[in-house]
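Below is one structure, written out as structure tokens, with a few remarks after it.
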Amino acid sequence: MPPGLYIPGWLAVVSCANMWTLRQHVALTIIAVAVITSACDRIAAIPDDAPSLLLALAVLDTQDGAPRPLPARLGILTQTADGWHHRFIEDSDSNVFHKALSYGTGDEITGVLTLGGTEAVVKLWGPDVSIQRLWEADFGGPFSRMRDAEVGDIYGDGNASIAVATHDQGVVAVIRPSGVEGFTVHELDREPDTVVHEIELGDLDGDGVVEIYATPTAPNQVDGTAQPGKVVRYVPGEDEGRVLVADLGLRHAKEILVDDLDGDGRDELYVSVEAVSGGKVEIRRYLTETDPSAGEVVATLDDQLCRFLTVGDVDGDGTKEMVAATMRSGLWLLRPGAGKWSTELIDDDSSGFEHASILLDLDGDGRAELYVASDDQHQVRRYMYDGTGWGRDVIWEYDDGLARFTWNITLAPAGVLPAGS
């Protein structure tokens, strides 16, 4: 067992605040009570501003030789002076969290959003154990899942709205704050027999109005056959509906990224185009004036899938790099440049179906570290670039024998995290 805090699954619904009720009504031994009390004390001792990684998970065990999904799980890794502490919360309403992210307005983070699947529900978890259902739906197809979301000032009103994509019936919607702690759902689009995998917010034309980008496709195929795909845009702040910005032909994308890597003050759209059987992944770039059929290929990667792109300054030179996390071939550093970008293999011994990753400068040295859910290796890792090469350490290792799909990693301060665990 790695150092730090671990609370067993049978305590997953018990919060530190419920210690008195627990001792009164459950026949625990004195040793068990002491262990739980110690765990709660350690959670309470973590500073509110301690950085925490949130891992949105689907967790499975094996029953009668077949995988069985467990309740949706949110893993929490918090960095403190004495190492990384681990805990998790579970939600029996769903069997997967496809996304978790901080929520708040401006610099004030007030809670954590989770996107659940089957049942499809967006919840806001407060540090006081409160849970608010912002949106729940049955979309009428074979399954219902909230798949991805991003938070931003979408309407230019100073409020933090939430753009959401769903798995089933191609729904793209915005959850908008209204009144005191109230929210309304504005559905932007719906398309039968369609799944939307990814949402990104940005401003490609530089006019200061937030644009929503989404990746609708036909339901997933996993046998390598051709599957048409596209990227579309919505601009709710200007009442603009669906506009095609990337036509991928008989290929599709489940990962896009919007960021300003060339430093001109305007975002670019990057699309990870998955390989048809025998091909390679392409990273394509689109500007606001790019023809939808003419995206520029800036990099190719020898893999079938690449479902995570993340950007940051890994060497402290003031310019951003991109890391692409492929399914099998590993982690790749992409350095922007004229024409094709340079590619460098960071580690070929890290893999996963999603291979969730994020670049963050948590140690404040001006160089972003790479945090990765290496699901096939049952580890969460940190990679650091020293100017000549990459160092790797394991910040958490799972030893419970369960299978996991980590759907995303994001950052949140410890003070806003749900207390129940």
Side-chain angles (χ1 to χ4, degrees), residues 1-2 6-13 53-77 86-100 114-121 123 136 138-139 141-148 165-168 195-198 217-225 227 252 254-255 274 277 303-308 325-330 349-357 372-381 394 396-409 421:
M1 173 68 66
Y6 175 76
I7 300 179
W10 57 272
L11 289 175
V13 297
L53 300 178
L54 307 181
L55 291 84
L57 296 163
V59 182
L60 304 94
D61 67 3
T62 301
Q63 188 175 62
D64 298 327
R68 179 178 66 95
L70 299 178
R73 185 173 295 189
L74 177 64
I76 300 171
L77 279 164
H86 177 266
R87 62 188 178 98
F88 63 84
I89 62 172
E90 289 186 328
D91 185 353
S92 60
D93 287 338
S94 301
N95 57 28
V96 58
F97 281 146
H98 273 130
K99 189 75 175 274
T114 58
L115 276 73
T118 323
E119 110 190 44
V121 58
K123 294 183 179 181
E136 52 189 314
D138 181 348
F139 297 110
F143 49 80
S144 290
R145 299 174 187 149
M146 303 294 184
R147 179 59 182 86
D148 194 31
T166 76
H167 258 206
D168 213 5
V195 293
V196 185
H197 304 277
E198 177 81 355
T217 71
N220 296 349
Q221 301 291 330
V222 295
D223 58 2
T225 57
Q227 183 178 354
H252 66 287
K254 294 185 175 68
E255 168 67 358
E274 298 189 351
S277 182
D303 212 310
Q304 182 181 355
L305 307 180
C306 177
R307 296 186 171 178
F308 264 86
T326 61
M327 182 173 68
R328 295 292 178 221
S329 63
D349 183 31
S350 181
S351 57
F353 183 71
E354 289 291 314
H355 213 178
S357 55
V372 180
S374 302
D375 284 342
D376 290 345
Q377 291 76 30
H378 310 290
Q379 294 175 342
V380 182
R381 297 173 174 176
V394 177
W396 192 258
E397 185 158 11
Y398 299 106
D399 62 358
D400 53 14
L402 300 174
R404 285 174 177 78
F405 293 89
T406 307
W407 294 95
N408 91 299
I409 304 177
S421 216

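- Under the 4.5 Å side-chain criterion, counting only non-hydrogen atoms from C-beta, R147 is not in contact with T166.
- Closest of all the heavy-atom pairs between Q227 and A218 is NE2-O, 2.8 Å.
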(message) Let's go through K254 and V195 carefully: what are the C-alpha distance in whole Å and the side-chain angles of both, what is the deciding distance for side-chain contact (heavy atoms from CB on, under 4.5 Å) to 0.1 Å, and is it a yes or a no?
(response) CA-CA 10 Å; K254 294 185 175 68; V195 293; over 6 Å; no
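- Between L57 and G75 the shortest heavy-atom distance is CD1-N, 3.9 Å.
- Nearest approach of L77 to W396, heavy atoms of both residues: CD2-CB, 3.8 Å.
- Residues T326 and C306 meet the side-chain proximity criterion, which asks for heavy atoms closer than 4.5 Å.
- Using a 4.5 Å cut-off on side-chain heavy atoms (C-beta onward), F308 and H355 make no contact.
- A pairwise comparison of heavy atoms in S92 and P71 identifies CA-CB, 3.9 Å as the closest pair.
- In this structure the side chain of H378 never reaches within 4.5 angstrom of the side chain of R404, judged on heavy atoms.
- Between the side chain of D168 and the main chain of R145, no donor-acceptor pair closer than 3.5 Å is present.
- Between the side chains of E119 and S144, no donor N or O sits under 3.5 Å from an acceptor N or O.
- From T406, atom OG1 reaches atom CG of L53 across 11.5 Å, with rounding to the nearest 0.5 Å.
- Atom CG of D349 and atom CG of D376 lie 9.5 Å apart (nearest 0.5 Å).
- Contact annotation: the side chain of H167 never approaches that of T118 to less than 4.5 Å [non-hydrogen atoms, C-beta and beyond].
- Atom CZ of F139 has more than 12 neighbouring heavy atoms from other residues, nucleotides or ligands inside a 6.0 Å radius.
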(message) side-chain contact (heavy atoms from CB on, under 4.5 Å), that's the test. Do V380 and Y398 meet it? Break it down for me.
(response) CA-CA 9 Å; V380 182; Y398 299 106; 3.9 Å; yes
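- Summarising the geometry of G116 relative to S94, their closest heavy-atom pair is CA-OG, 3.7 Å, with the distance given to 0.1 Å.
- R68 contributes atom CZ, which lies 9.5 Å from atom CG of L402 (distance to the nearest 0.5 angstrom).
- Side-chain contact between F405 and L60: present, with at least one pair of heavy atoms (C-beta onward) separated by less than 4.5 Å.
- A distance of 12.5 Å separates CH2 in W407 from CG in L115, rounded to the nearest 0.5 Å.
- Of the residues E198, E274, H197, E255, the one that meets the side-chain hydrogen bond (donor to acceptor under 3.5 Å, both in side chains) test with R307 is E274.
- Residues N95 and L70 have side chains not in contact (no heavy-atom distance under 4.5 Å, counting atoms from C-beta outward).
- D148 has a carboxylate O that lies under 4.0 Å from a charged side-chain N of K99, or vice versa, which qualifies the two as a salt bridge.
- In this structure, NZ in K123 is found 3.5 Å from CG in D93, a value given to the nearest 0.5 Å.
- The CD1 atom of I409 sits 5.0 Å away from atom CG of L55, with the distance rounded to the nearest 0.5 Å.
- Between F353 and D375 the shortest side-chain heavy-atom distance does not fall below 4.5 Å.
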